[in-house]
Every structure is written in structure tokens, then in C-alpha cells.
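Sequence lines set the chain letters: A, B, ... in the order given, protein chains first and strands last, and positions in each chain run from 1.
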There are 2 protein chains.
Amino acid sequence: MSHKKTCLCTLSELGTFAPMTDTADRAATGARGRTRRAILSAAATVLGQDRNAPLSAVARAADVGRSTLHRYFPDRDELVSATYEDSLAEIGRAMEEARLHEGPALEAVRRMIAAHIEVGDRVVFAFGDPALAQAHDTGEEADEPEEIVALFARGQEEGALDTNVEPEWFVHVMWALVFTGLDLVHTGRISRHDLVPRILRTFERGALVR
Amino acid sequence: MSHKKTCLCTLSELGTFAPMTDTADRAATGARGRTRRAILSAAATVLGQDRNAPLSAVARAADVGRSTLHRYFPDRDELVSATYEDSLAEIGRAMEEARLHEGPALEAVRRMIAAHIEVGDRVVFAFGDPALAQAHDTGEEADEPEEIVALFARGQEEGALDTNVEPEWFVHVMWALVFTGLDLVHTGRISRHDLVPRILRTFERGALVR
DNA sequence: TTTTTGTGGGACACTGATGTCTCATAAAAA
DNA sequence: TTTTTATGAGACATCAGTGTCCCACAAAAA
């Protein structure tokens, strides 16, 4: 405590860490956590719409100063990374609630699509840009989430889904419908209420009348 | 001809127009037209992938100098406008070849989707960014092309397509599948050969097995 | 109270993209 | 040939976005 002002070296940075919670882990504390979540949420929304939006736009949407944003995420890359990971976590939570392993696969698919719409902003951000998924995850995995592919595969095994295509194709088709649908809602062409049933109908039965 | 060097005023710009073809219309002449088309084609491809790509990237893709690009299209907006109009024209030509008014609507839809894939780069550029269509066209029309909406509507009247949704919905679903499919081809996940049949199958019959 | 923490507002230098110009050089037309 | 046309390369000023600092202020904790 006595070296606070006498120390000229980079130890002054310790002042930034010391106030952290005793558990010494991430900044989940009241004020810090709230600000952090506000920034991550705003980032997903703003950068999901326009990947090249200026950071000032993110700060404005999060209702924080640009200084504060840089204080939490030093540069753009770190913000994007953190937002990506946070989005995956948020989506994962929604998937858990959808209980993908329970009941018939077809009904699980319906719950999953509805869950995707609920966390639409995160989905658009995380899966809307192919370059993102490939940049993170250390490039080892495919960019289609395991559990989703598995669910579609189960649907095929149960004889409910078309087996003429790979389950990965269904993942991308679902994303495409979700992106398009959310965009139509944003631009006010269709109501949010109609979105899920419409996507489900088209996804399952296509455009043909029977 | 005698005022070429003596004139100091902006009439010197006439030197740029005088060499134009006698018909005094657009620059469709050999060299000029070729360069112009090369730039427009490259712009559709590059800007379709990344709307914020630097103009130097467009110039490189078109195999012209950045100076030349600016000579044809003074600023970014003019390039985008010209590329948009050119893309619409190119797409329109593809639609004509598809003969949307002939035969059963369902078969016309199949020809139309195949035609979209053929001019994929233009489709991605022109219809991939909602803001584009809304910025041009003097904002009066809807951004779904008349003829395409009409074709889907005809499909509904003929009893071939689902009448529970507006024909405009089909337009966006088709675009979504085309964008996704082309992206999967670009990233080498599926072969170009399989693309059209796969999109048609999913678009018409959906994911359900029957 | 005093001290610590979180914050916003500027000011600043730096960088990449942009748009304008000039000049030299080929190719095409006279 | 000479003249015109189309082009690429480079220099240049400008601008928006970025990242870094510093300072003052308010809320929370001591």
C-alpha cells in the first residue's frame, strides 16, 4: 500500500487488479459486471447489423463512453472475441432451455428454432459472419455447432428428416431462414409474432402446397 | 480543335467528352466499355463479399490501377450505384433467358433459381444488402422485384405453391438459400454441381422426409 | 468524513482509405 | 510518322476510426 505513488514502474497497473473481488476471477461484480454485459449485448446487436460499425456506435448503444469501452476491451479484436464467446454462451444457454435431447427430434428442432429467434441478435452476430467462427475456436473445429448437427442427424435417424442431404446443410438453411426472418422483422415487413410459425412451416414443408 | 491548349477554363473537360462515340451516348466503345465492364464485374464480386472493402481491392480484382477506377467512377458512391444498376440489368437478362412467363409456374421457378445461381455474384451484391435497394430506386418501390413476386403469385394461383404466406416471403427465402448456397460453394463445403438441385429440393419440399 | 472505484469527456497521435493531381508510357487513330 | 486516347504509378492533402492519456466528477466503500 505504501508503494502506490512512489512506484514508477508498470506495477502501477496492479491498482487495476487489486480492487477485483477476492476470488480474483473475472469481473462479475455488481457495477463492473453490469457495464460489461451492457457492452457485450450492445456489441452483438450493433456489430451483428454492421460488422464495420465504429466503436463509438457500440459505446453509444451500450450507453457508455468510448473511454469506458476501451477500458473493458482494449482494442476492437478483443471486443469482437469477447462478444463472440459471450454470444456462444448465451446461445448455449438458450439451447439448454430447449432441451434438445428430449422427445422426438422434430419437436426438439422446433424448440431449437424458436430458441434461436429469442437470442436472435447473438445468433446473427456469431453465425452471420463465416469469418468469425473460423478466426476463433483455434480453427480446429468445423463452424457448425456439434449439438445442432447431432440433432438434425437424430431427426434423420428417426425417419423424420430428409436423408438426401447432410445434417450440416440443415444447419445453414436454418440460419439463413433465421437471419432473413429477423431482418424482415427489423424492417417491419412481418410481425415478430408470425416469425417462428412461418419459419417452421417453410423449413419443414418448403414452398410446395403439399 | 484550335482551342485545345489556349483555353484555361473548365472547357478543358470537353476533351474528355469529345473523343466519345459519335452517338454521344455512354462509353460502350471497345476499350472503354471493356474496362468499364471489368470494373463493374469486379466491384460486384468484391463488394458483394465485403461491402466495406477498400477500392484498391476492387481495382486489383479488376486488374486496373486505382487511378483508372477513379477515372471511371469519381467516388465510392458512384461506383456502388453503377454496380447496382449494372447488376440489376445483368440479373434481368438472366431472368429473360429463364422465360418466367412460359410453362407451369413451378418449372419457371426452377429455371429462375438456376438463373440466379448463374449470376450469383450480382445477386449477392444487389440483394444481399437491404440498404442498397432502399438507397436507390428513389425509395418508391418495394425491394422485391416485381416479376419475381408475380411468378410466385402465379405459382400460388396455379395451386402449386403454399398460399399460407405472401409471395414476397418466397422471394426472401429463395435469396437466403441462394446466398447460403453460394457461400458454401465459395468455402468449398459443397460442389457447385450439387448446388441447384439441393436448393430446389429444400426450397420446394423442406426438411421433412415426406 | 476520507478513500477508493467507475465513469465520461476531451485531447492527442497514428493509421488506412479516399479523392485529386501530375507525369510518363504504351496503344490506337489520324 | 504525328496525334490522340487510355492507362498505371506515384505524390499529396484530407478524413474517419482507432487507441492512449489525463483529468474531473460522482457513487460506493472505508
Whether A:Tyr72 contacts C:dG6 is assessed here as follows: a side-chain N or O lying under 4.0 Å from the phosphate OP1 or OP2. Is that the case? no

For A:Arg111, what residues pass the side-chain hydrogen bond (donor to acceptor under 3.5 Å, both in side chains) criterion, not counting sequence neighbours? none

Salt bridge between B:Arg189 and B:Asp183, side-chain N to carboxylate O under 4.0 Å? no

Specify the residues of residues 38-51 of chain A, ordered by number, for which at least one heavy atom lies under 4.0 angstrom from an atom of DNA chain C. none

Ignoring hydrogens and angles, write down the donor-acceptor pairs under 3.5 Å from the side chains of residues 119-128 of chain B, residues two or more places apart or on other chains.
residue, atom, partner, partner atom, Å
B:Asp121, OD2, B:Thr45, OG1, 2.9
B:Arg122, NH1, B:Asp86, OD2, 2.3

Between B:Trp175 and B:His172, what is the ring plane arrangement, given parallel below 30°, perpendicular above 60°, and tilted in between? perpendicular

Using atom CG of A:Leu69 as one end and atom P of C:dG8 as the other, report the distance to the nearest whole Å. 10 Å

Output, in order, the C-alpha distance, side-chain angles, deciding distance and verdict of side-chain contact (heavy atoms from CB on, under 4.5 Å) for B:Glu166 and B:Gln156. CA-CA 9 Å; B:Glu166 314 88 46; B:Gln156 290 175 322; over 6 Å; no

In chain order, what residues pass the side chain to side chain contact (heavy atoms under 4.5 Å, CB included) check against A:Val165, with sequence neighbours excluded? A:Trp169, A:Phe170, B:Arg198

Integer-rounded Å distance: D:dA6 C1' and B:Arg34 CZ: 11 Å

Take the protein atom CZ of A:Arg60 and the nucleotide atom P of C:dG8, then report the distance between them rounded to whole Å. 14 Å

For the helix from C:dT1-D:dA30 to C:dA30-D:dT1, figure out the bend between the end axes, five pairs an end, and round to 10 degrees. 10°

Atom-pair distance (CZ on B:Phe73; P on D:dT7), nearest Å: 11 Å

Where the side chain of B:Ser81 meets the backbone of B:Asp77, is there a donor-acceptor pair that is under 3.5 Å apart? yes

Sorted by chain and number, sequence neighbours left out, salt bridge (Lys or Arg N to Asp or Glu O under 4.0 Å) with A:Arg154 holds for A:Glu158

Quick test of your reading of the model: are B:Glu107 and B:Arg99 salt-bridged, counting only N-O distances below 4.0 Å? no

May I have the distance from A:Arg36 (atom CZ) to C:dT7 (atom P), rounded to whole angstrom? 13 Å

Contacts of B:Glu204 meeting side-chain hydrogen bond (donor to acceptor under 3.5 Å, both in side chains) (sequence neighbours excluded), chain-then-number -> B:Arg110

Which pairs, protein N/O on one side and nucleotides 18-22 of chain C N/O on the other, fall under 3.5 Å?
residue, atom, partner, partner atom, Å
C:dT18, OP1, B:Arg76, NH1, 2.3
C:dT18, OP2, B:Leu55, N, 2.7
C:dG19, OP1, B:Arg76, N, 3.3
C:dG19, OP2, B:Arg76, N, 3.3
C:dG19, N7, B:Arg66, NH1, 3.1
C:dG19, O6, B:Arg66, NH2, 3.0

Where do N or O atoms of nucleotides 25-30 of chain C meet protein N or O atoms at under 3.5 Å, pair by pair?
none

Taking only residues two or more places apart in sequence or in another chain, which ones pass side-chain hydrogen bond (donor to acceptor under 3.5 Å, both in side chains) with B:Arg192? none

Residue set satisfying side-chain hydrogen bond (donor to acceptor under 3.5 Å, both in side chains) with B:Glu168, at least two apart, ordered chain then number -> none

In a table with atom names and distances, give each donor-acceptor pair under 3.5 Å that connects a side chain of residues 50-71 of chain B to protein atoms at least two apart or in another chain.
residue, atom, partner, partner atom, Å
B:Asp50, OD1, B:Asn52, N, 3.0
B:Arg51, NE, B:Asp129, OD2, 3.0
B:His70, ND1, B:Pro74, O, 3.1

